[in-house]
Amino acid sequence: QVQLVESGGGLVQPGGSLTLTCTASGSIFSINAMDWYRQAPGKQRELVAEVATGGITNYAHSVKGRFTISRDNAKTTVYLQMNSLGPEDTAVYYCNALISSPFQRNVYKNYWGQGTQVTVSS
């Protein structure tokens, strides 16, 4: 079993900052890309940022320059530093990762965290 556990969401005022954390645990051999998605009420889930194993990052246009994604050296934890937050950033944020198990080392499966709520409001 593999688990992705997110933390760090909450209520923040416009212009404020938050850091989200997602840690993968369980039967893991290798983790490929780790991503953050978000879903606002009434909208589709969208990719916010992604980081590949080699450290290459990619951002949605709406967050570029405000959000920073990073991974720890063990590559099992991914962070999302969010600055200059606005009401349009209000959403449930989900961690996503491609993970292979020790029993199928070349087969990567898609895993999701449970989501963490980020609310930007005065």
Side-chain angles (χ1 to χ4, degrees):
Q1 291 286 350
V2 172
Q3 275 192 316
L4 296 179
V5 178
E6 302 117 330
S7 62
L11 174 64
V12 63
Q13 291 187 342
S17 299
L18 279 177
T19 299
L20 305 182
T21 301
C22 170
T23 299
S25 63
S27 184
I28 297 171
F29 174 72
S30 177
I31 302 177
N32 199 332
M34 297 187 80
D35 314 321
W36 286 98
Y37 283 74
R38 68 185 180 186
Q39 187 166 19
K43 294 188 176 181
Q44 287 188 333
R45 190 173 297 190
E46 63 174 354
L47 177 66
V48 176
E50 60 185 348
V51 56
T53 305
I56 296 174
T57 58
N58 184 43
Y59 297 91
H61 179 75
S62 60
V63 307
K64 199 170 292 186
R66 300 187 298 123
F67 291 11
T68 302
I69 189 170
S70 60
R71 286 171 75 165
D72 69 334
N73 288 336
K75 295 182 171 49
T76 58
T77 297
V78 63
Y79 307 94
L80 185 67
Q81 172 67 43
M82 305 184 293
N83 298 324
S84 302
L85 286 162
E88 67 278 9
D89 298 311
T90 294
V92 178
Y93 284 70
Y94 296 92
C95 178
N96 173 267
L98 289 173
I99 299 174
S100 69
S101 76
F103 312 105
Q104 291 184 300
R105 297 183 177 187
N106 294 323
V107 177
Y108 286 85
K109 296 182 180 179
N110 205 28
Y111 292 90
W112 290 92
Q114 80 286 356
T116 185
Q117 177 71 47
V118 171
T119 302
V120 184
S121 175
S122 55

Enter the distance from [X]:[atom1] to [Y]:[atom2] here, rounded to the nearest 0.5 Å.
{"X": "L47", "Y": "N96", "atom1": "CG", "atom2": "CG", "result": "8.5 Å"}
{"X": "Y111", "Y": "Q1", "atom1": "OH", "atom2": "CD", "result": "7.5 Å"}
{"X": "S101", "Y": "I28", "atom1": "OG", "atom2": "CD1", "result": "10.0 Å"}
{"X": "L80", "Y": "L20", "atom1": "CG", "atom2": "CG", "result": "5.0 Å"}
{"X": "S30", "Y": "I99", "atom1": "OG", "atom2": "CD1", "result": "9.0 Å"}
{"X": "T68", "Y": "R66", "atom1": "OG1", "atom2": "CZ", "result": "11.0 Å"}

Pair listing, ring pair (Phe, Tyr, Trp, His ring centres under 6.0 Å) test, anchored in residues 67-96, at least two apart: none
Side chain to side chain, [X] and [Y], heavy atoms closer than 4.5 Å:
{"X": "W112", "Y": "R45", "value": "yes"}
{"X": "R38", "Y": "D89", "value": "yes"}
{"X": "S17", "Y": "Q81", "value": "yes"}

Atom CG of N110 with >12 non-hydrogen neighbours under 6.0 angstrom: yes
More than 12 heavy atoms of other groups within 6.0 Å of Q3 CD: no
Indicate the atoms forming the closest heavy-atom contact of [X] with [Y], along with that distance.
{"X": "P14", "Y": "S121", "result": "CD-C, 3.6 Å"}
{"X": "F103", "Y": "S27", "result": "CE1-OG, 3.6 Å"}
{"X": "M82", "Y": "V118", "result": "CE-CG2, 3.9 Å"}

Within one Ile-Leu-Val-Met-Phe-Trp-Tyr cluster: V48 and V92, side-chain cutoff 4.5 Å: no
In one Ile/Leu/Val/Met/Phe/Trp/Tyr side-chain cluster, 4.5 Å: V78, Y37: no
Is there a donor-acceptor contact under 3.5 Å from the side chain of [X] to the main chain of [Y]?
{"X": "E6", "Y": "G115", "value": "yes"}
{"X": "N32", "Y": "L98", "value": "no"}
{"X": "S100", "Y": "Y108", "value": "no"}

Donor-acceptor pairs under 3.5 Å, side chain of residues 49-58 to any protein atom, not counting sequence neighbours: which ones?
from, atom 1, to, atom 2, distance (Å)
E50, OE2, N58, ND2, 3.1
T53, OG1, I31, O, 3.4

Between T90 and T119: side-chain donor-acceptor atoms closer than 3.5 Å: no
